[in-house]
Amino acid sequence: MGDTGTKRPNSGDSEDSRKKAKMGGARLEDRADSGAGYNPYLAHMNDGNANGDGSSDPFAGFEKRNTTAAQAEKVEDRDTNPFTGRPHSAKYFGILEGRRDLPVHKQRQEFLDKYHSTQILVFVGETGSGKTTQIPQYVVYDELPQLDGKLVACTQPRRVAAMSVASRVADEMDVRLGEEVGYSIRFEDMTSQNTILKYMTDGMLLREAMHDHDMSRYSCIILDEAHERTLATDILMALLKDVARRRPDLKIVIMSATLDAQKFQRYFNDAPLLAVPGRTHPVEIFYTAEPERDYVEAAIRTVLQIHASEPEGDILLFLTGEEEIEDACRKIAAESEEMAREMDSGPLVVYPLYGTLPPHQQQKIFDKAPAPFRKGGKPGRKCIIATNIAETSLTIDGIVYVVDPGFSKQKIYNPRSRVESLLVSPISKASAQQRAGRAGRTKPGKCFRLYTEKAFKKELIEQTYPEVLRSNLANTVLELKKLGVEDLVHFDFMDPPAPETMMRALEELNYLACLDDEGALTTLGSLASEFPLDPALAVMLISSPEFYCSNEMLSITALLSVPQIFMRPANNRKRADEMKAHFSHPDGDHLTLLNAYHAFKGQQNDPMGDEKSWCHQHFLSLRHLNSADNVRSQLKRIMESRGLELVSTPFEDKNYYTNIRRALLAGFFMQVAKKSGSGKSYTTIKDNQVVKLHPSTVLKTDFEWVVYNEFVLTSHQYVRTCTGIKPEWLLEIAPNYYDLETFDAGEVRSALVRAAEKRRRAEAKKRS
DNA sequence: GAGCACTGC
């Protein structure tokens, strides 16, 4: 003890509490001026002259759910803010003018009429219509949530969108973000007692619904970007359809960008529809005459042709993944230099764009296109090579040319093998339209589709399959049970998943003891659903106090919930592998992750340490380690609130690592593989898939049995993040799953029988 | 001897 060995666990929680204090501080200050006795939107009532324009109540004459656009606009035009009673800021009326210029503004009255006529409304607005910012405000002026305390909520599929839209709308309403207008996302609740309009992620609303099945805090719920059909949106739609029956006072608006609105209308019992035009420029579509054999090569050629012969304007090319993108970036950059020399073309800068790119590099795509090489020379342009991230999450102005090879990586789930994998697949017509639309945001544009018109019409499906049809639903089923859904077979999904997928999920949850044999939620299942984790991880964490290592399992769970912390840059792989070897534990990758995390925490605690350069030097991702820390504190709070003990085996104890390896099995006993024959391959237990240990593993092949975190299907079938285990642990920790009666005769069964005998002998010896 | 499309609690 007492030295600074990198493998020493960090038993204190000083970081957690320090960080908490730092995060909470700012928000407390924000709220300080709106303490319990002061209600800012009633301020005008206390002082009749505060408005400066005569009347004491700006909403005098308003009747909830029976207002007009003219009434609302009159209030918006006042000199004082109707919600805070404060005079409007200098910029308010400028912003208001811009809002009145949006396409959706012309239909404000029409929206209100439809809204009044129905409980559920489907609203279709194309990009640039202003629906995400305006519709919730129109609803606020009609629901008057400041009077009855019931909120208006607007959900978004992504955190950044929830934050940035809330911030924009707070500006538009001239209030402070977090007061009347706020947002709520994981790790950050930016709302207060005064909040009347709340933007939130769809997952966050789902979490709230687990404890409030009727969503009783809200008078109106607006689901935005419903066409994206995320898992959370699909579940929310089904829940809301049901809640709407129980709560006639609840209003629901489904907002979508596609023309597939009829499907939403039909699903919501023929709900009325309102459509608002967008504000985009025409985009001319070009197809290839013949199918392309190599779409990457064709894409590069097309980009260079545009650069050589088309007028000024930036280019957006869609490819499928990091490697493809980086490769294409290099090739295009090299070719364009040659073009500049030989044909006197303008400069071309190429930017990659994908999700795992660090934020400061993602920001570069917003840089201006380069200036001509010389005064009066041909204009420069930028070319962005992006994944699907540019189709939904990020919009880039100034794009005039889109190159669309027609592919993207998509998640697929095979319930038979229980494997989720990523596969390069043709996109849908809706995706192709979305991609083309990216060319017409600032002026008329062109889209070059690298497939034939016939292929577009005949081969592409209309819509990308919703996530619910492409995922393992174990987590979803657990959530639904917690949400009080008893009959999953007849649960009203907009697109019902395959029965086999549901069966697999129920089976998995039953093995994990989250559901009993009747399919009812158990105490363990109810506890597991409290954690923002997959069921296996949650069960592992909940069981970990029994293995005297819940502190360590908290860290491992957090590390498994964030992207890979070990970085391996293409130009420095060897060095990165050498640095990773410093943390390597011979018994497995989970332990190696833990070692790296402990070393990181040691570095953070060291007053002389510089975590940034230390991470850089050790090829560890500081960003991902920090987010693991964040996840860890969230999980820790949940553990504490549920009375789950935080314990560790002393590091000096010879069972320190053994306890952790055993604890892994409490959740992952279904993800075990046994070495087959003499070679390097392994076979998964029960479904008998032949797999290899992923090359990133620290394990030398000296373990007969391994537990693995995930199954990945790429050029081979791999199991990734593996730790060595002993078969007798399986019999002890998961006796139901490893009931010898259920195994066919064979290598696995005989090995388990031998383990059982070994275990009996050991116990007999212990007794005598 | 690989590669994490993209989200979310």
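Numbers restart at 1 for each chain; the letters A, B, ... are given by sequence-line order, proteins then strands.
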Figure out the [atom1]/[atom2] separation between [X] and [N], and round it to whole Å.
X      : N     : atom1 : atom2 : answer
A:R229 : B:dG8 : CZ    : P     : 19 Å
A:L357 : B:dC4 : CG    : P     : 16 Å
A:M210 : B:dG8 : CE    : P     : 17 Å
A:L713 : B:dA5 : CG    : P     : 15 Å

TODO: Would you verify whether the NZ or CZ of A:K364 falls within 45 degrees of the ring axis of A:Y351 while also being under 6.0 Å from that six-membered ring's centre?
DONE: no
Open item on the list: Please pick, from B:dG8, B:dA2, B:dA5, the nucleotide with the shortest atom-to-atom distance to any side-chain atom of A:L422.
Closed with: B:dA5
Task: Of the listed nucleotides B:dA5, B:dC9, B:dC4, the one nearest the side chain of A:T387 - done: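 Nearest to the side chain of A:T387 among the choices is B:dA5.
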TODO: Check whether any side-chain heavy atom of A:F448 sits under 4.5 Å from a side-chain heavy atom of A:V402, and report yes or no.
DONE: no
Task: A:T233 side chain near A:T155 side chain, heavy-atom distance below 4.5 Å - done: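 Counting from C-beta outward, A:T233 and A:T155 never come under 4.5 Å.
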Over all strands shown, is [X] touching base, sugar-phosphate only, or nothing at heavy-atom distances under 4.0 angstrom?
X      : result
A:D577 : base
A:I185 : sugar-phosphate
A:S408 : nothing
A:P563 : base

Open item on the list: Any carboxylate oxygen within less than 4.0 angstrom of a Lys/Arg side-chain nitrogen, looking at A:E578 and A:R575?
Closed with: yes
